[in-house]
Amino acid sequence: MVKQIEKICIVTGSRAEYGLLKWLIKDIKNLENLEIILIATGSHLSHEFGFTINEIIKDGFNVNEKVDILLSNDTPNAISKSVGIGVMGFADKFEHYKPDLLLILGDRYEIYSAAIAAMIARIPIAHIHGGESTEGAIDEAIRHSITKISHLHF
């Protein structure tokens with residue numbers, strides 16, 4: 001038997017993918033019998049990048065949680081540590097909220113950490129933009145990894 005979806009967790013980590021997700025969040029918000037758990041992470045929580053979580057709030061969305069994973073630079077070591085911090089943070093949020101579905105977009109390491117935590121928690125993943133290509137960049141491998149562990153592909 002397929003479980004009915006009542007709680008959708010949406011993770012946003014940057015202004016770029018939030019701009020694409022915004023309209024979908026708005027549409028889901030207007031549906032009855034669906035609860036949105038919105039989690040902001042990544043550059044949304046950085047003053048250096050404009051603390052863009054305020055844009056989400058200004059758009060009328062409730063940010064239920066924040067998972068702060070940004071370190072001071074983008075070296076391979078710092079990114080690896082950020083992914084680890086993210087997995088731990090998202091694991092706690094998923095345990096608390098127990099979403100029926102994780103909705104994510106893109107290929108950034110912030111989103112990757114959410115996907116890893118959801119996969120291990122056995123939360124189905126809906127992934128948007130999994131079919132794009134970025135030759136030679138780490139984004140390609142991250143996107144492919146997210147695609148492999150996702151259940152729904154858009």
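All residue numbers refer to positions in the sequence shown, counting from 1.
A distance of 13.5 Å separates CD1 in Ile125 from NZ in Lys148, rounded to the nearest 0.5 Å. With values rounded to the nearest 0.5 angstrom, Ile111 atom CD1 is found 6.5 Å from Phe90 atom CZ. To the nearest 0.5 Å, atom CD1 of residue Ile5 and atom CG of residue Asp100 are 6.5 Å apart. Expressed to the nearest 0.5 Å, how far CG of Leu101 lies from CD1 of Ile28 amounts to 8.5 Å. Remark: Leu21 CG to Ile104 CD1 distance equals 10.0 Å, nearest 0.5 Å. To the nearest 0.5 Å, the span separating CD on Glu17 from CG on Asp107 amounts to 9.5 Å.
No donor-acceptor distance shorter than 3.5 angstrom exists from the side chain of Lys22 to the backbone of Gly19, with no hydrogens or angles considered. Of the possible donor and acceptor atoms, one in the side chain of Thr41 sits under 3.5 Å from a partner among the backbone N and O of Val67. Under the 3.5 Å distance criterion, the side-chain polar atoms of His127 are matched with a main-chain donor or acceptor of Gly106. At least one donor-acceptor pair closer than 3.5 Å links the side chain of Ser46 to the backbone N or O of Glu48. For the pair Lys29 (side chain) and Gly60 (backbone), a donor-acceptor distance under 3.5 Å is present.
Nearest heavy atom pair, residue Ser14 against residue Ser43, reads CA-OG, 3.5 Å. The minimum heavy-atom distance linking Ala91 with Ala117 is given by the pair N-CB, 3.8 Å. The minimum heavy-atom distance linking Ala114 with Phe94 is given by the pair O-CE1, 3.4 Å. Annotation for Ile37 and Pro99: closest pair CD1-CB, 4.2 Å, computed over non-hydrogen atoms.
Between Val63 and Ile39 there is no side-chain heavy-atom pair separated by less than 4.5 Å. By the 4.5 Å heavy-atom criterion applied to side chains, His44 and Tyr18 are counted as neighbours. When side chains are defined from C-beta on, Phe61 counts as touching Lys26, because their heavy atoms get closer than 4.5 Å. Within the 4.5 Å cutoff, the side chain of Leu103 has heavy atoms near those of the Leu24 side chain. Within the 4.5 Å cutoff, the side chain of Leu20 has no heavy atoms near those of the Ile128 side chain. For the pair Ile10 and Ile36, the minimum side-chain heavy-atom distance is below 4.5 Å. The side-chain heavy atoms of Tyr97 and Cys9, taken from C-beta on, include no pair separated by under 4.5 Å. Residues Asn33 and Glu6 fail the side-chain proximity criterion, which asks for heavy atoms closer than 4.5 Å.
Here the options are Ile25, Ile8, Val11, Asn62, the test is side-chain contact (heavy atoms from CB on, under 4.5 Å), and the partner is Leu38; only Ile25 passes. Checked against Val83 for a side-chain contact (heavy atoms from CB on, under 4.5 Å), the options Ile69, Ile116, Ile142 give a single hit: Ile116.
The number of heavy-atom neighbours closer than 6.0 Å to NE2 of His144, taken from other residues, nucleotides and ligands shown, is 12 or below. Counting heavy atoms of neighbouring residues, nucleotides and ligands inside a 6.0 Å radius, atom CG of Asp74 does not exceed 12 of them.
Remark: Glu55 does not engage Lys58 in a salt bridge, criterion side-chain N to carboxylate O under 4.0 Å. The pair Glu35-Lys7 does not count as a salt bridge, with every side-chain nitrogen at least 4.0 angstrom from each carboxylate oxygen.
Trp23 and Phe154 fall into different hydrophobic clusters, where Ile, Leu, Val, Met, Phe, Trp and Tyr are joined by side-chain heavy atoms under 4.5 Å apart, directly or via other members.
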